[in-house]
Amino acid sequence: MPAIIPVSDFRADIESVGRKTDAGEVVILTQNGRPRWAMVDYDEWNEASLQRELSFARSIRETERRELSGEMGTVKFDEVLAGIEARRAARAAAGR
């Protein structure tokens, strides 16, 4: 669970907040009683950002692979709307 610290306390004792983030904690700084900023260790943030980028790149490659292999195709907008209407009608008929 993140540590929640008012920004005024942060200004008064920056080092203690640094120790928390060094220990792997997330620190939420509040301003006027509301969450405003999140602080994390830079190396942890950098690793998490890298993992998100890699995951996104893998998703793009997988989508491209599926498109090229014919597993994925395009759907016309009218077909999407017809599918939505069919599901609504089925739910209405089932009494939902």
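Numbering starts at 1 and runs along the sequence shown.
- Both I84 and V75 are members of a single hydrophobic cluster when ILVMFWY side chains are connected at heavy-atom separations under 4.5 Å.
- Residue T74 holds its OG1 atom at 9.5 Å from CD of E67, rounded to the nearest 0.5 Å.
- The two residues I28 and P2 make their nearest non-hydrogen contact at CG1-CB, 3.8 Å.
- Between R61 and E64, no side-chain nitrogen of the basic residue sits less than 4.0 Å from a carboxylate oxygen of the acidic one, so the salt-bridge criterion is not met.
- Contact of the E25 side chain with the R19 side chain is not registered, since no non-hydrogen atoms from C-beta on lie closer than 4.5 Å.
- Between the side chain of S59 and the main chain of S55, a donor-acceptor pair closer than 3.5 Å is present.
- From R58, atom CZ reaches atom CD of E53 across 11.5 Å, with rounding to the nearest 0.5 Å.
- Side-chain atoms of E47 never come within 3.5 Å of backbone atoms of E44 as a donor-acceptor pair (strictly under, hydrogens ignored).
- Side-chain contact annotation: S49 with R52, donor-acceptor N/O pair under 3.5 Å present.
- With values rounded to the nearest 0.5 angstrom, D9 atom CG is found 12.5 Å from I4 atom CD1.
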- V26 and V40: side chain to side chain contact (heavy atoms under 4.5 Å, CB included), yes or no, with the steps? CA-CA 5 Å; V26 174; V40 295; 3.7 Å; yes
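- Going from atom OG of S8 over to atom CG of N32 covers 10.0 Å, rounded to the nearest 0.5 Å.
- Apart from L54 itself, the hydrophobic cluster it occupies contains L50, where clustering links Ile, Leu, Val, Met, Phe, Trp and Tyr at side-chain heavy-atom distances under 4.5 Å.
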- Would E62 and R65 satisfy salt bridge (charged side-chain N to carboxylate O under 4.0 Å, His left out), going step by step from the backbone distance to the final call? CA-CA 5 Å; E62 176 64 15; R65 184 198 64 75; 2.7 Å; yes
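- With salt bridges taken as basic N to acidic carboxylate O contacts below 4.0 Å, one links R88 and E85.
- D13 has its side chain within reach of E15: a pair of non-hydrogen atoms, C-beta onward, lies under 4.5 Å apart.
- Side-chain heavy-atom separations under 4.5 angstrom define the hydrophobic clusters, and the remaining members of the one that includes L29 are I5, V7, F10, I14, V17, V27, W37, M39.
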